[in-house]
Amino acid sequence: SSSIGDVGATSIAKALEVNASLTSLDLQANKIGDEGATAMGNALAVNASLTTLSLLGNNIGDEGATAMGNALAVNASLKTLWLHMNNIGDQGAAAIGEGLKVNASLTELWLGGNSRGDAGATALGNALAVNASLTTLGLMGNSIGDAAQGALCASVEGRQGFSMYL
C-alpha cells in the first residue's frame, strides 16, 4: 500500500497555508510522522477554512502533537480533530491541553489508542476546566488510571451536552 508520508504531508500543508475553501481533510494511515505533523500544525495556524482534520493511524508522536497544540492555540476554524493511534504520550497530550485552554472553535477531539497516561490526562482535564467549546473528547484505549479518570470527569462535571469516552 502506498502512503504520502512526511514529504506528502508537508506538500499538502504548504497548500493549506494559502487555501481558503477546503473544509475537510482525511490523511489517516499515511505514515505521517512528526515532520509532516509539524508542517500540518504550522498550516493550521494560518488556515481559516478547514473544519475537520483526520490524522488517525499515523505516527505523529509528541513532537507532532505539540505542533497540533500550538495550532489549536491560534486556529479559529477547526471543529473536529482526529488523532487516534498516533503514539502521543503525556508530553504531547499536555501540549494539546495548552492549546485547548485558549481555543474557542474545536468541538470534537479524538485521542484514543495513544500512549498517554495519567499526566497527559491531568493536563487535558486542566484544559477542559477552562475550555468552553469542546463537547466531545475520546480517550479510549489509553493507560489512564482511576484517579486521573476521576479528575477528568470532575473537570466537566455539570457541563451540559458534554460526552467523554474513556
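Computed from heavy atoms alone, side chains included, the values below leave out hydrogens, waters and symmetry copies.
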A.B. asks: Taking all atoms of both residues into account, what is the closest heavy-atom pair of A9 and G36, and its distance?
C.D. replies: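 For A9 and G36, the tightest heavy-atom pair comes out as CB-CA, 3.9 Å.
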A.B. asks: For residues W110 and L152: do they belong to one hydrophobic cluster (side chain heavy atoms under 4.5 Å, members Ile, Leu, Val, Met, Phe, Trp, Tyr)?
C.D. replies: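 Not linked; separate clusters.
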A.B. asks: Which heavy-atom pair separates N58 from A29 by the least distance, and what is that distance?
C.D. replies: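 Nearest pair, atom of N58 first, then A29: ND2-N, 3.7 Å.
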A.B. asks: Once you round to the nearest 0.5 Å, how far does CG of N126 lie from CG of N131?
C.D. replies: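 Here the rounded value is 12.5 Å.
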A.B. asks: Identify whether L124 and M140 are in the same connected component of the hydrophobic contact network (ILVMFWY, side-chain heavy atoms under 4.5 Å).
C.D. replies: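 The answer is no; the residues belong to distinct hydrophobic clusters.
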A.B. asks: How long is the gap from CD1 on I88 to CG on D34, to the nearest 0.5 Å?
C.D. replies: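 If I round to the nearest 0.5 Å, the distance is 11.5 Å.
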A.B. asks: With a 4.5 Å limit on heavy-atom distance, are the side chains of I60 and M40 in contact?
C.D. replies: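 No - every pair of side-chain heavy atoms lies 4.5 Å or more apart.
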A.B. asks: Is it possible for you to say whether L22 and V46 belong to one hydrophobic cluster, with membership spreading through side-chain heavy-atom contacts below 4.5 Å?
C.D. replies: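 Different hydrophobic clusters.
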A.B. asks: Please examine the side chains of T136 and L109, heavy atoms only from C-beta on, and report whether any two atoms are closer than 4.5 Å.
C.D. replies: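 Result no, sub-4.5 Å side-chain heavy-atom pair not found.
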A.B. asks: Work out which heavy atom in S105 is nearest to a heavy atom in S133; give both atom names and the distance.
C.D. replies: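 For S105 versus S133, the nearest heavy atoms are N-OG, 3.7 Å.
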A.B. asks: Nearest heavy-atom pair of E35 and T10: which atoms, and what distance?
C.D. replies: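 That would be O-OG1, 4.2 Å.
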A.B. asks: Tell me the closest heavy-atom pair linking L55 and N86, and the distance in Å.
C.D. replies: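 Reported closest heavy-atom pair: O-ND2, 2.8 Å.
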A.B. asks: Do the side chain of D62 and the main chain of G89 share a donor and acceptor less than 3.5 angstrom apart?
C.D. replies: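 Side chain of D62 to backbone of G89: a pair is present.
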A.B. asks: Following the transitive rule for hydrophobic clusters with a side-chain heavy-atom cut-off under 4.5 Å over Ile, Leu, Val, Met, Phe, Trp and Tyr, establish whether M85 and L111 coincide in one cluster.
C.D. replies: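 They do not share one cluster, since no chain of ILVMFWY contacts under 4.5 Å joins M85 to L111.
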A.B. asks: Could you list all the side-chain hydrogen bond (donor to acceptor under 3.5 Å, both in side chains) pairs where at least one residue sits in residues 138-156, not counting sequence neighbours?
C.D. replies: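 For residues 138-156, and leaving out neighbouring residues, the side-chain hydrogen bond (donor to acceptor under 3.5 Å, both in side chains) pairs sorted by first residue read R116-N142.
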A.B. asks: Checking N87 now: which residues fulfil side chain to side chain donor-acceptor pair (under 3.5 Å) with it, not counting sequence neighbours?
C.D. replies: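 Expected list: S115.
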A.B. asks: Distance-only, no hydrogens or angles: does the T107 side chain make a donor-acceptor pair with backbone N or O of K79 under 3.5 Å?
C.D. replies: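 Such a contact is found between T107 side chain and K79 backbone.
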A.B. asks: Indicate the atoms forming the closest heavy-atom contact of G120 with A93, along with that distance.
C.D. replies: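 The pair with the smallest heavy-atom distance is CA-CB, 3.7 Å.
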A.B. asks: When L53 is tested against each of D26, L16, L83, L78 for side-chain contact (heavy atoms from CB on, under 4.5 Å), which residue passes?
C.D. replies: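 The side-chain contact (heavy atoms from CB on, under 4.5 Å) with L53 is passed solely by L78 among D26, L16, L83, L78.
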A.B. asks: Roughly how far, to the nearest 0.5 Å, is the NZ atom of K31 from the CG atom of N59?
C.D. replies: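 The CG atom of N59 sits 11.5 Å away from the NZ atom of K31.
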A.B. asks: Any donor and acceptor pair, going by atom type alone, linking the side chain of H84 with main-chain N or O of G112 inside 3.5 Å?
C.D. replies: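 Between the backbone of G112 and the side chain of H84 there is a qualifying donor-acceptor contact (under 3.5 Å).
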A.B. asks: Mind listing the side-chain donor-acceptor pairs of residues 94-101 below 3.5 Å, one per line with the distance, residues two or more places apart or on another chain?
C.D. replies:
unit_1 : atom_1 : unit_2 : atom_2 : d
E98    : OE2    : K101   : NZ     : 3.0

A.B. asks: Going by the salt bridge (charged side-chain N to carboxylate O under 4.0 Å, His left out) test, which pairs reach into residues 4-23, not counting sequence neighbours?
C.D. replies: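 For residues 4-23, and leaving out neighbouring residues, there are no salt bridge (charged side-chain N to carboxylate O under 4.0 Å, His left out) pairs at all.
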A.B. asks: Does anything in residues 135-159 form a ring-ring contact (aromatic ring centres under 6.0 Å, His included)? List the pairs, not counting sequence neighbours.
C.D. replies: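 Residue pairs with at least one partner in residues 135-159: there are none.
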A.B. asks: Side-chain heavy atoms nearer than 4.5 Å, only ILVMFWY residues, links allowed to pass through others: does that put L25 and L81 together?
C.D. replies: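 Yes, same cluster.
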A.B. asks: Using the test ring pair (Phe, Tyr, Trp, His ring centres under 6.0 Å), find all partners of F162 that sit at least two apart in sequence or belong to another chain.
C.D. replies: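 F162 satisfies ring pair (Phe, Tyr, Trp, His ring centres under 6.0 Å) with no residue once adjacent residues are dropped.
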A.B. asks: Please name the residue in the list L44, T23, T80 that meets the side-chain contact (heavy atoms from CB on, under 4.5 Å) test with L50.
C.D. replies: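 Among the candidates, only L44 passes.
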